[in-house]
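Structure record follows, encoded as structure tokens.
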There are 2 protein chains.
Amino acid sequence: MTDTSSSPDYRIAVLDRSIDLLEAMAHAGGPVGVTELSRAISSTKSATFRILATLEARGYVRRVPDSGKYQLGLNLVHLGQSALGRIDLRTIARPVLEDLHRRFNETVNLGVLSGGRIVYVDMVESQHGLRMAAQVGAHDNVHSTAIGKAILANLPEGQRESVLEGPLPALTEKTLTTKEDLLKDIERIQVSGFSRDRGENEHGASCFGAPIFDARGNVTAAISVSGPDTRLNGEMAEDVAVAVRIAAQDITDRLAGRDG
Amino acid sequence: MTDTSSSPDYRIAVLDRSIDLLEAMAHAGGPVGVTELSRAISSTKSATFRILATLEARGYVRRVPDSGKYQLGLNLVHLGQSALGRIDLRTIARPVLEDLHRRFNETVNLGVLSGGRIVYVDMVESQHGLRMAAQVGAHDNVHSTAIGKAILANLPEGQRESVLEGPLPALTEKTLTTKEDLLKDIERIQVSGFSRDRGENEHGASCFGAPIFDARGNVTAAISVSGPDTRLNGEMAEDVAVAVRIAAQDITDRLAGRDG
DNA sequence: TTCAATTGTTCCACACCTCGAAACGAAGTG
DNA sequence: CACTTCGTTTCGAGGTGTGGAACAATTGAA
């Protein structure tokens, strides 16, 4: 994501480069060396080495013993948890997610809109071998997920427009990729109170979502229940849709201080 | 933590300062303004503003709407999860932690040694109202925790010495604060195979721990079961001690590829 | 409503910080 | 043994990030 706003550029180059490096390490999926990282961030070995040395001294990068390679350090976990911990939503929503999980034994997700993307902030995974799964902290699309569409349907007009005018890539052959198609779906969501992802984000997966509002009535998050469409169909699907809507309303009520 | 090694100083000042700022925000526990942050990191408002602008552009800091204050951004979650995800240990250990939790309904922890401190990487909390609890990503002392002492007892001599020569602060009146006392306790741990924290880290808490070894036989982590000493005593305590040792051995076997 | 205090934002001269290139030592490979 | 590649170190220099000041916006008290 680049800053395309018209605000003056206060960016600090070496800090941008350091973030590039951390993201490259997250992407690498295993220990990486100085030279490989310098190539990944289009920098020199000496500049890369100095960034690594600073991050290592502070515990944000770790040198793998006897290998000369680096990986992300555990102090990032604390910052990540602190970032998550700031969300009262997560604490309040958790019991509701667990109730849904107990009832249907499918994967239950909680996501928020952040930087034009959905970020998963909590998750209770199904115990079935075949199940939907993602990772807390992972990003996903707005236009092709049940959580994203549930939020989109309840955003103020201007914010919705800026999402719909943006890129709408096809993830599967079922993804809605035009503004017109999405607006029709959004109308249905506004009437029914829940969203549905019929294999739009992941082939063979089905997912029901519903929006969560804060005390001022702004949509801030959504929850969803997802699984293979071989399980989430017929009467089961109707039960899940109803339950997700009620659960999301329950979370909204708790956030507003109304007893559930 | 400052880098006190004798290695040449490759530190980048603005990166150190940026990390100071992120840590100050994590510590603040709520949205903070530019001036407050500049004071917290002993910098000027303009320098602080530029760091915030860069971090905000990249999603690592978020500006709270209509307030001019900042809080940690959700992109930190992804880095934190990536840092955690690198630990196969966590995935392998989780079912074992859950078994211990089901059996005793006390808080079960998994921790690793990192930067001379214990970092909790996973945790299953007791369902009792009165329970031990911490946060994944949180740090703790080596010399006063069951996890820390379990690791300490199995470190190579040189590594153990450097911990024991370091500061050994008293957390409670029961904390072992001399190298001599800790060495006696370490001998007992080496013979029995488990460690015990009798209110050394937290008044009124009891905790049993056992070490986990990697495929090469190096101690890398430990698990523990903890609760109030009103519950963890007598025969129950003996059962927990035995179970923790067996569980840690189970995790060690799984890491080495031996069927549990 | 007015005023003072505080905070957030912007600007610019310049000091010094970070850079890149080059060199060196170590490790691995044929 | 020779060559290649990588990690580490050094240093002169250019340009980046700084700090202080000024300005705009916000807040709170009278």
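As the structure is a computational prediction, the values presented were derived from the model and not from experiment. Throughout, a chain's letter reflects where its sequence line sits, starting with A, and its residues are numbered from 1.
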Interatomic distance where [atom1] belongs to [X] and [atom2] belongs to [N] [whole Å]:
X: Arg63(B); N: dT7(C); atom1: CZ; atom2: C1'; value: 11 Å
X: Leu55(A); N: dT18(C); atom1: CG; atom2: P; value: 13 Å
X: Leu52(B); N: dG8(C); atom1: CG; atom2: P; value: 10 Å
X: Phe49(B); N: dC12(C); atom1: CZ; atom2: P; value: 16 Å
X: Leu37(B); N: dT6(C); atom1: CG; atom2: P; value: 19 Å
X: Asp16(B); N: dT18(D); atom1: CG; atom2: C1'; value: 16 Å

Task: Those residues that, when tested against Arg245(B), pass side chain to side chain donor-acceptor pair (under 3.5 Å) (two or more places apart) - done: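 None.
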
Task: Qualifying residues under side chain to side chain donor-acceptor pair (under 3.5 Å), relative to Asn154(B), sequence neighbours excluded - done: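 Per chain and number, Asn154(B) pairs via side chain to side chain donor-acceptor pair (under 3.5 Å) with no residue.
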
Going by salt bridge (charged side-chain N to carboxylate O under 4.0 Å, His left out), name the residues that satisfy it together with [X], two or more places apart in sequence or in a different chain.
X: Glu157(B); result: Arg160(B)
X: Glu161(B); result: Lys179(B)
X: Glu36(B); result: none

TODO: Not counting sequence neighbours, which residues clear side chain to side chain contact (heavy atoms under 4.5 Å, CB included) with Ser42(B)? List them please.
DONE: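 Ser42(B) satisfies side chain to side chain contact (heavy atoms under 4.5 Å, CB included) with no other residue.
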
Task: Check ion pair Arg58(A)-Asp16(B) (N to O, under 4.0 angstrom) - done: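 Yes, Arg58(A) and Asp16(B) are salt-bridged.
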
Task: Phosphate OP1/OP2 of dT10(C) contacted by Tyr10(A) side-chain N/O (<4.0 Å) - done: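 Affirmative; the distance criterion is met.
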
TODO: Would you indicate, yes or no, if dC6(D) has its OP1 or OP2 atom less than 4.0 angstrom from a side-chain nitrogen or oxygen of Arg39(A)?
DONE: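 It does, given that an N or O in the side chain of Arg39(A) lies less than 4.0 Å from OP1 or OP2 of dC6(D).
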
Open item on the list: Using heavy-atom distances to pick each residue's nearest nucleotide on DNA chain D, tell me which of Arg50(A) and Ile12(A) is more 5'.
Closed with: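 The residue whose closest nucleotide sits nearer the 5' end is Arg50(A).
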
- [ ] Please figure out whether Lys69(A) or Arg17(B) has its closest DNA chain D nucleotide nearer the 5' end.
- [x]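 Nearer the 5' end of the strand: Lys69(A).
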
- [ ] Rounded to 10°, tell me the angle between the two end axes of the helix from dT1(C)-dA30(D) to dG30(C)-dC1(D), each built from five pairs.
- [x]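 Inter-axis angle at the ends, rounded: 50°.
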
Open item on the list: What residues from residues 40-48 of chain A pass a heavy-atom cutoff of under 4.0 Å to DNA chain D?
Closed with: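 Going residue by residue through residues 40-48 of chain A, the ones with a heavy atom under 4.0 Å of DNA chain D turn out to be Lys45(A), Ser46(A).
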
TODO: Give a yes or no on whether the backbone of Ala146(B) and the side-chain of Ser195(B) come within a donor-acceptor separation of less than 3.5 Å.
DONE: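 Answer holds: yes.
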
Open item on the list: Going by the rule ring-ring contact (aromatic ring centres under 6.0 Å, His included), which residues pair with Phe49(A) if we only count those two or more places apart in sequence or in a different chain?
Closed with: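 Phe49(A) satisfies ring-ring contact (aromatic ring centres under 6.0 Å, His included) with Tyr10(B) once adjacent residues are dropped.
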
